Amino acid sequence: MKIHNFSAGPSILPQEVIEKAAEAVKDLGKGLSLIEISHRSKEFVDIMENARALALELLGLEGKGYKALFLQGGASTQFMMVALNLLEKRAGYLNTGTWSEKAIKEAKIYDDIYEVASSKSANFNYIPKGYSIPEDYDYFHCTSNNTIFGTQIKEFPDSPVPVVCDMSSDIFSRQLDFTKFDLIYAGAQKNMGPAGVTLVVVREDILGKVSRKIPAIMDYKQHIDKSSMYNTPPVFAVYTSMLTMEWLKNMGGIPAIEEINQKKAQLIYSELDINPLFKGFAVKEDRSMMNATFTLSNEILKETFDSMWKEAGISGLNGHRSVGGYRASMYNALPLDSVKVLVEVMSELERKA
Ligand SMILES: *Cc1c(COP(=O)(O)O)cnc(C)c1O
């Protein structure tokens, strides 16, 4: 049976990417596996350089003073690394959920952190708007897509200070003016590749302005100077991320995938709006195109619904414990057909109930 993988992360990758990655683990082309060659070999250096170039190309940031890095430690390490590299006195954070809160907590270890706005009192079911960002902040940090709560920033604020954005769960999913951002980071395992690598795209001229000493492995400048090879990179995760970026480029890049992502989101949200058995969690205007969160209006139907979607081959639909209910994660590699199957099950439940 075909499995429809709605997992929130690690999550679905294009089938052709998985096949090519599996092939490279067996033999990269000269009788050696991807995971047994030197990262300093020409083969791997080319892979790293291709991956770095593709990231900038897809985001439309080539030749604009940005550098792409593939680092380890997950997006969670970036919570600390951003502060170490950019925080001199104070910074402003937009608090839109669990991941923002973690970023705030880590940065607070180093200096003053202010929440410019927060939707915590509404259990993060919306994106705050209309706040202002003071000019004396070192930077402003936001989370573009709130994976757990299913909200997404549609309009980014005009900021007088550098903008840092955690795009872990919607990188490469929609068109934005990426030059509005000075530092973007994203753990690969939601929308780009396997777990184990984090993409960082940084405008070089925002670096080197803090007075603290930064350990080399935490220093973006060191990673830039060493072409993202300061130490041994996670070769498999970098290679597979490169394959996903190639897949995306070949299908027409971000504009092409955004069109499909919009169709998927439209399909599920219109079902949530017409089907009285379900309730969407996020307020309409802030709904995420990547993670749709919803609950049953009557918990009595849980057992029936759960067995129906499992029978239909759907996997990974359970919501995060802080929201409950369900979460349909519809990352780039999830086909429109999978969403059709889910929506069919939802309307079938309505007919049955
Ligand atoms: C998953 C996620 C993270 C955490 O990523 P790790 O790579 O596990 O550290 C951070 N931010 C967002 C928005 C996420 O979705």
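Atoms within each ligand, like the ligands themselves, are counted from 1 in listed order. Hydrogens, waters and symmetry mates are skipped; everything else that's a heavy atom, side chains included, is used. Just so it is clear, the structure is predicted and the values come from calculations on it, not from any experiment.
Closest to atom 5 (O) of ligand 1 among all protein heavy atoms lies Ala75 CB, 3.5 Å. Counting only heavy atoms of the protein, atom 15 (O) of ligand 1 lies nearest to Thr147 OG1, 2.4 Å. Remark: minimum distance from atom 11 (N) of ligand 1 to any protein heavy atom is reached at Asp166 OD2, 2.6 Å.
For the side chain to side chain donor-acceptor pair (under 3.5 Å) with Tyr326, the qualifying choice from Asp306, Thr293, Thr295 is Asp306, the only one to do so.
At under 3.5 Å, not a single nitrogen or oxygen of Gly73, backbone or side chain, sits near a nitrogen or oxygen of ligand 1. Looking at ligand 1, you'll find an N or O of Ser76 within less than 3.5 Å of one of its N or O atoms.
Heavy-atom contacts of Thr143 reach the following atoms of ligand 1: 13 (C) (cutoff under 4.0 Å). In the vicinity of Asn145, heavy-atom distances shorter than 4.0 Å reach the ligand 1 atoms 13 (C). Residue Gly74 approaches ligand 1 through these ligand atoms, each under 4.0 Å from one of its heavy atoms: 7 (O), 9 (O). Listed by number with element, the atoms of ligand 1 under 4.0 angstrom from any heavy atom of Gln189 are 5 (O), 6 (P), 7 (O), 8 (O).
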Legend entry - Derivation of the salt bridge (charged side-chain N to carboxylate O under 4.0 Å, His left out) call for Asp138 and Lys89: CA-CA 7 Å; Asp138 297 321; Lys89 285 202 179 75; over 6 Å; no
Inset, instruction - Please report the C-alpha distance between His4 and Asp337 in whole Å, then the side-chain angles of each, then the deciding distance to 0.1 Å, and finally whether the side-chain contact (heavy atoms from CB on, under 4.5 Å) criterion is met. - result: CA-CA 9 Å; His4 304 283; Asp337 277 345; 5.5 Å; no
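In this structure, the separation between OH on Tyr114 and OH on Tyr93 is 13.5 Å, given to the nearest 0.5 Å. Taking NZ of Lys20 as the reference point, atom OG1 of Thr244 lies at 10.0 Å (rounded to 0.5 Å).
Contacts with ligand 1 closer than 4.0 Å are made by side-chain heavy atoms of Lys190 only, the backbone lying farther away.
Between Tyr185 and His141, the ring-plane angle classifies as tilted under the 30° and 60° cut-offs.
Relative to the six-membered ring of Trp309, Lys302 misses at least one condition, a distance below 6.0 Å or an angle of at most 45° to the axis.
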